Amino acid sequence: FGNGEADILVGTQMIVKGHDFPNVTLVGVIAADLSLFGGDYHGAEKTFQLLTQAAGRAGRGESKGSVVIQTYQPEHFSILAAKNQNYQEFYEQEIMYRKLLRYPPVSNLMVILISATVEEEAQRKLEQLLAFIKEVQKESTKLSIVGSGDASVSKIQDVYRKVIYCRHESYDGLTDLKEAIKLKGLNSSDQKNMMIQFDFSPYLSYPRFVFLLIGLIITSIVQTSSATVVVVLTALYAHVIPIETAIAVVLGAELGTTV
């Protein structure tokens, strides 16, 4: 396709990742809303990101590009924001839901992933961990269990996967829970074919929201000073400030307010 030997390229979302084909003038996205129903809190964010990236594949050369989006949810805010290429509109809607439901970056999540070749052993370990976490909850009212059960991909190459989602207002609260689990010895198993992993703020972390931050900067009406951008991104990478604060600083700089 890149050599001009084919006129049409059909593929999965992988084809939107960074390819630069100057002669592409039309991009079509089929079932654009599938990622809205993936069962995790960042479905709208992922949808917006993919559609924005897909749209960016058209019109990269001298000719203008067009994008056709097929969806069963044409009024969903993430699809409308992607259609309008409006980063700020998406952020304002999405952060409202994150605040309401207390999902990152407003709070912190930790996923405990249990992998075992015997499903009964994985379930037994899940129940042990749940019982211990509930005991910890009695002393930490800000700690909550969002849910537990099979992972979204519950089996990979004969390995069963169970998950527990824990939420806390502070990152330290989750690291304390992780250390308490280790001290209790619940992070290990007599079963050699079992593994327990801890993942903090899964799926989100900083890459996707940095993508939004960069979009805000690029599409800003008033140019943000390069010094401000460097300071904000450095603080964001070092976990000194949350992404919400970083975006607020950039928007404040765009509007000419004191930051």
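Keep in mind that what you see is a predicted model, and the values were worked out from it rather than measured. For the single chain, residues carry numbers from 1 onward in sequence order.
When all heavy atoms are compared, the tightest approach of V67 to A58 is CG2-CB, 4.4 Å. Here the closest heavy-atom approach between residue H76 and residue A44 is recorded as CE1-CB, 3.9 Å. Scanning both residues, A6 and F1, for their nearest heavy atoms gives O-CD1, 3.4 Å. Of all heavy-atom pairs between A32 and S35, the closest is O-OG, 4.1 Å. In terms of heavy atoms, S78 sits closest to L36 at OG-CD2, 3.7 Å. Taking each heavy atom of C166 and L174 in turn, the nearest pair found is O-CD2, 4.1 Å.
The existence of a salt bridge linking R124 and E121 is confirmed by a sub-4.0 Å separation between a basic side-chain nitrogen and an acidic carboxylate oxygen. Using a cut-off of 4.0 Å between Lys/Arg side-chain N and Asp/Glu carboxylate O, D150 and K162 are scored as salt-bridged. Between R98 and E94 there is a salt bridge, with a side-chain nitrogen of the basic residue lying less than 4.0 Å from a carboxylate oxygen of the acidic one.
For the atom pair CD of E119 and OG of S154, the computed distance is 7.5 Å after rounding to the nearest 0.5 Å. In this structure, CD1 on I145 lies 4.5 Å from CD on Q137, to the nearest 0.5 angstrom. For the atom pair CD1 of I114 and CD of E127, the computed distance is 9.5 Å after rounding to the nearest 0.5 Å.
Judged by distance alone, the side chains of Q93 and E89 never bring a donor and an acceptor atom under 3.5 Å apart. Remark: the Q128 side chain and the K125 side chain contain an N/O donor-acceptor pair separated by less than 3.5 Å. Side chains of Q49 and E45: a donor-acceptor N/O pair is absent below 3.5 angstrom, by distance only.
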Apply side chain to side chain contact (heavy atoms under 4.5 Å, CB included) to residues D199 and L113 and explain how you reach the verdict.
CA-CA 8 Å; D199 187 10; L113 173 64; over 6 Å; no
With side chain to side chain contact (heavy atoms under 4.5 Å, CB included) as the criterion, how do V136 and L177 come out once you've worked through the C-alpha distance, each side chain's angles and the decisive distance to 0.1 Å?
CA-CA 8 Å; V136 175; L177 174 61; 4.2 Å; yes
Report the C-alpha distance between D172 and N108 in whole Å, list the side-chain angles of each, state the deciding distance to 0.1 Å, and finish with yes or no for side chain to side chain contact (heavy atoms under 4.5 Å, CB included).
CA-CA 9 Å; D172 291 340; N108 297 271; over 6 Å; no
Test side chain to side chain contact (heavy atoms under 4.5 Å, CB included) on I181 and I196 and set out the steps.
CA-CA 11 Å; I181 291 173; I196 299 175; over 6 Å; no
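Hydrophobic clustering of Ile, Leu, Val, Met, Phe, Trp and Tyr side chains at less than 4.5 Å, counting indirect connections, unites F37 with L51. In the hydrophobic cluster analysis, where Ile, Leu, Val, Met, Phe, Trp and Tyr join through side-chain heavy atoms closer than 4.5 angstrom, V24 is grouped apart from L26. Both V29 and I79 are part of a single hydrophobic cluster, where members link through side-chain heavy atoms under 4.5 Å apart. In this structure, V111 is a member of the same hydrophobic cluster as L101, with clusters built from ILVMFWY side-chain heavy atoms closer than 4.5 Å.
Within the 4.5 Å cutoff, the side chain of I112 has no heavy atoms near those of the Q197 side chain. Between M96 and E92, every side-chain heavy-atom pair lies at or beyond the 4.5 Å cut-off. Considering only heavy atoms from C-beta on, D158 stays 4.5 Å or farther from T117 through its side chain. With a 4.5 Å cut-off on side-chain heavy atoms, S148 and L126 count as touching. At least one side-chain heavy atom of I95 sits under 4.5 Å from a side-chain heavy atom of P105. Side-chain contact between L80 and E75 is present, with at least one heavy-atom pair separated by less than 4.5 Å. Within the 4.5 Å cutoff, no side-chain heavy atoms of V106 are placed close to those of L100.
The side-chain hydrogen bond (donor to acceptor under 3.5 Å, both in side chains) pairs that include a residue from residues 173-184 number zero, where partners must be two or more places apart or lie in different chains.
With T47 contributing its side chain and G43 its backbone, the two residues share a donor-acceptor pair below 3.5 Å. Counting only distance, with no hydrogens or angles, the side chain of Q73 and the backbone of D33 share no donor-acceptor pair below 3.5 Å. No side-chain donor-acceptor contact under 3.5 Å links E169 to the backbone of S107. One N or O on the side chain of R161 and one on the backbone of V153 form a donor-acceptor pair closer than 3.5 Å. Judged purely by atom type and a 3.5 angstrom limit, N86 uses its side chain to pair as donor or acceptor with the backbone of Q88.
Atom CG of D7 has 12 or fewer heavy atoms from other residues, nucleotides or ligands within 6.0 Å.
Relative ring orientation between F77 and F90 is described as parallel, the plane-to-plane angle staying below 30° on a 0-90° scale split at 30° and 60°. In this pair, F200 and Y171 present their aromatic rings tilted. The plane angle is within the 30 to 60° band.
Taking V146 as the reference, Y103, L109, Y165, R167 meet the side chain to side chain contact (heavy atoms under 4.5 Å, CB included) condition, with sequence neighbours excluded. Residues satisfying the side chain to side chain contact (heavy atoms under 4.5 Å, CB included) test with V10, not counting sequence neighbours, are I8.
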